[in-house]
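These numbers were taken from a predicted model, which means no experiment stands behind them.
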Amino acid sequence: MIKVKEKKLNLFLLITLIVGTIIGGGIFNSPTDLILKANPMAALIAWLIGGLGILTLVLVFYKLSVIKPEMNGGIYTYAKEGFGNYVGFNSFWGYWMGAVFGNIAFISLFFKTLNSMLGSHQLSPLMCFIGGSIILWGYTAITWFGVHEASILNAVITIIKILPLLLVVVIGIFAFQPHIFNVPDWTAVLAVNQTHVSFGNQISGAMSTIVWCFVGIEAAVSMSRRASRPRDVGKATIISFVIVLVLYISISIIPMGILTAKELSQTSVPLAAALSHTALGVAGSLIIKIGLLVSLLGALLSWFMIGPEIAYVTSYDRDMPRAFKIVNRHSVPGFALIVYTIIMQGCLLVLLLPQLQTAYTIAYTLAATMTLVAYLLSALYGLKLAINENLGIGFKLIAILASLYSVYMLVASGLEYVFASAIIFALGIPLFAGAPNKMSKNEKWLAAVVALAGVIALILIINGKISF
C-alpha cells in the first residue's frame with residue numbers, strides 16, 4: 001500500500017483549528033445559558049474571572065509547549081510524564097470522552113435549532129437520530145482522507161461562522177439599551193424568575209457555561225505532532241484565546257441589553273431573537289440560525305480531527321491497545337477514528353429523547369467536567385515542573401492559579417457531574433488493562449478506588465440521590 005506524504009499544519013491552520021474547535025454551539029446559546037444562572041452584570045464579572053482563569057491554563061500550555069516541544073501528545077503526555085501511565089491514561093480517557101459528549105451536545109443543539117426553523121414541520125426524534133448518524137459517518141469519511149485536507153475545510157467553515165457573530169456585535173451595539181442590562185437588585189435577586197440568588201452563587205452558576213465555552217483551547221497542543229513548527233503551537237494558543245475571549249464576552253453580554261432576562265430565558269436561539277429586535281428583523285434571525293448550524297458542523301469537524309489523534313498518541317505510548325495506533329495511507333489513525341465514531345453513534349441515542357435542550361445541557365456539562373480533569377492534571381504537571389526545574393516564581397504562581405482554578409471549576413460545574421464522571425473513568429479501566437503497559441501495584445490500587453467510586457456513583461444515580 002502506497003502511503004501519502006503527510007502535510008503539516010501551519011500557524012493559520014492551527015489558529016483556525018483552535019477557534020473552530022472552541023466556537024461551536026456554546027457561543028450562540030451562551031446568553032440564555034448564562035441568564036438562567038446569573039444577572040447581566042454578574043455574568044460580565046463571571047466572564048472576567050473565568051477569562052483570567054482560562055488565561056492561566058493557556059499560559060501553562062504555552063510554557064510547556066516551549067520548554068517541552070518533544071511532548072507532542074498534549075494534555076495526555078503532560079499527565080503521563082508527571083504522574084505515571086495510569087493517570088496519563090485517565091487524562092486521555094476523560095478528554096476523549098469529553099470530546100464524545102461535546103460532539104453529542106453539538107448535534108443535539110444542531111437539531112434543536114433546525115427544528116426551530118421548521119415550525120410545524122419539525123423533525124421527529126427518530127429523524128434527528130438518523131440525520132445525526134449521517135453527519136457522524138459523513139465526517140468520518142472526510143477525516144479518513146487526511147487531517148491537512150480536513151483542516152483546510154475547517155478553516156473555511158471557521159471564517160464563515162465568525163461572520164454572523166461579528167454581525168451581532170456590530171448591529172447589537174446600536175440596539176443595546178443600558179436600562180435593560182442594569183437589572184435591579186442584581187447581586188441578590190435573579191431577574192429571570194425573581195428568586196433570591198446570592199452574587200457568589202450567580203458567579204458559580206455561570207462558571208460551568210463559561211468553561212464549556214472554552215473547551216478546545218488546548219486543540220493545538222493536542223495536535224502538536226502535526227504542526228509545521230513546534231513553536232507555532234504556543235503562539236496559536238495565545239492568539240486564539242484573545243480572539244475567542246473578545247468574541248464570547250461581546251456575544252453573550254450584548255443580547256442582555258437588547259432582550260429582557262425573561263425574554264432571553266424563553267428563546268431557543270438567543271442571538272437570533274436579539275437580532276430580530278434590531279433593524280435586520282426576521283432576516284437577522286435567519287442569518288444567525290444558519291450561522292449556528294454551520295458553526296456546530298465546523299466544531300464537530302474539528303473534534304473529529306482531534307479525537308482519533310489523541311487516541312493514536314496514547315496507543316503509541318503503549319497506554320492503549322495496539323490497534324489504536326494503526327494508521328491508513330493518509331496517516332490518519334483509522335482504527336481510532338472508527339471506534340470514536342461508533343462510541344458517538346451509541347451516545348447519539350440521546351436524540352431519541354424529546355427533551356433536546358435537557359440532553360444538550362447534560363451533555364455539555366459532562367463534557368466540560370471530563371475535560372477539566374485533564375486540564376487540572378496538566379496544570380499540576382506544570383507546577384511540578386516549575387518546582388523541580390526552578391522555572392521562576394512567575395510560572396510557579398501561574399501554575400498554582402491554573403490548578404486552583406481547575407479545582408474551582410470542577411466544583412462549580414456541579415458535584416453531581418463529578419460523581420457521574422467517575423462512572424466514565426471506571427469504564428476506561430479495561431482499556432488500560434488491555435494496553436501493553438502493565439499496571440503497577442499502586443496503579444491497581446488507584447484503579448480499584450476509581451472503580452469503587454464509579455459503582456457508588458451509579459448506585460446513587462439509580463436511587464435518585466444524584467439527579468441532573
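Smallest separation of non-hydrogen atoms from Leu14 and Ala236: CB-CB, 3.8 Å. Residue Pro308 comes nearest to Trp303 through the heavy atom pair CD-O, 4.2 Å, listed as atom of the first residue, atom of the second, then distance. The shortest heavy-atom contact between Leu165 and Ile251 is O-CD1, 3.4 Å. The minimum heavy-atom distance between Ser403 and Leu376, with the atom names listed, is O-CD1, 3.5 Å. Across Pro321 and Leu431, no two heavy atoms sit closer than the pair CD-O, 3.5 Å. Looking at every heavy atom in both residues, Leu300 comes nearest to Phe106 through N-CD1, 4.2 Å.
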Decide yes or no on side-chain contact (heavy atoms from CB on, under 4.5 Å) for Leu385 and Leu64, but give the supporting numbers first.
CA-CA 9 Å; Leu385 201 64; Leu64 291 177; 3.7 Å; yes

For Tyr78 and Leu377, run side-chain contact (heavy atoms from CB on, under 4.5 Å): C-alpha distance rounded to whole Å, both residues' side-chain angles, the deciding distance at 0.1 Å, then the answer.
CA-CA 7 Å; Tyr78 300 152; Leu377 290 170; over 6 Å; no

Stepwise side-chain contact (heavy atoms from CB on, under 4.5 Å) check, Arg329 with Trp144
CA-CA 9 Å; Arg329 63 188 297 267; Trp144 184 269; over 6 Å; no

Walk me through it: do Thr158 and Ile162 pass the test side-chain contact (heavy atoms from CB on, under 4.5 Å)?
CA-CA 6 Å; Thr158 298; Ile162 285 178; 4.1 Å; yes

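Atom CD1 of residue Ile243 and atom CD1 of residue Ile15 lie 6.0 Å apart, to the nearest 0.5 angstrom. Residue Lys441 holds its NZ atom at 14.5 Å from CG of Leu446, rounded to the nearest 0.5 Å. If you take OG on Ser378 and CG on Leu372, they are separated by 11.0 Å, rounding to the nearest 0.5 Å. Atoms CG and CD1, on Leu348 and Ile342 in that order, are 13.5 Å from each other to the nearest 0.5 Å. For the atom pair Phe110 CZ and Leu296 CG, the distance stands at 7.5 Å (nearest 0.5 Å). Here the OG1 atom belonging to Thr143 is positioned 10.5 Å from the CG atom belonging to Asn328, to the nearest 0.5 angstrom.
Surrounding OH of Tyr316 are at most 12 heavy atoms belonging to other residues, nucleotides or ligands under 6.0 Å away.
Counting only heavy atoms from C-beta outward, the side chains of Val313 and Pro333 never approach each other to under 4.5 Å. In this structure, the side chains of Pro436 and Arg322 come closer than 4.5 Å at one or more pairs of heavy atoms. Looking at heavy atoms from C-beta onward, Tyr312 lies out of side-chain contact with Val332 at the 4.5 angstrom threshold. Contact check for Trp96 versus Ile343: side-chain heavy atoms found under the 4.5 Å cut-off. Residues Leu337 and Phe304 meet the side-chain proximity criterion, which asks for heavy atoms closer than 4.5 Å. Residues Asn85 and Glu443 form a side-chain contact, since some pair of their non-hydrogen atoms from C-beta on lies under 4.5 Å apart. Within the 4.5 Å cutoff, no side-chain heavy atoms of Ile157 are placed close to those of Leu297. You'll find the side chain of Ile35 stays beyond 4.5 Å of the side chain of Leu190, heavy atoms only.
Between Trp47 and Tyr248, a ring centre-to-centre spacing shorter than 6.0 Å is recorded.
In this structure Trp445 satisfies the side chain to side chain donor-acceptor pair (under 3.5 Å) test with no other residue, sequence neighbours excluded. Residues passing the ring pair (Phe, Tyr, Trp, His ring centres under 6.0 Å) test with Phe395: none are found, sequence neighbours excluded.
In this structure a side-chain-to-backbone donor-acceptor pair under 3.5 Å is present from Ser133 to Phe129. No donor-acceptor distance shorter than 3.5 angstrom exists from the side chain of Ser240 to the backbone of Thr237, with no hydrogens or angles considered. Panel note: side chain Gln202, backbone Lys37; no donor-acceptor pair is recorded below 3.5 Å.
Looking at Tyr340 and Asn103, their side chains do bring a donor and an acceptor atom within 3.5 Å of each other. Between the side chains of Asn201 and Ser204, no donor-acceptor pair of N or O atoms lies under 3.5 Å.
The aromatic rings of Trp93 and Phe89 lie parallel to each other, their planes meeting at an angle below 30°, with 60° marking the opposite boundary.
Within the cation-pi definition used here (under 6.0 Å to the ring centroid, within 45° of the axis), Lys444 does not qualify as a partner of Tyr86.
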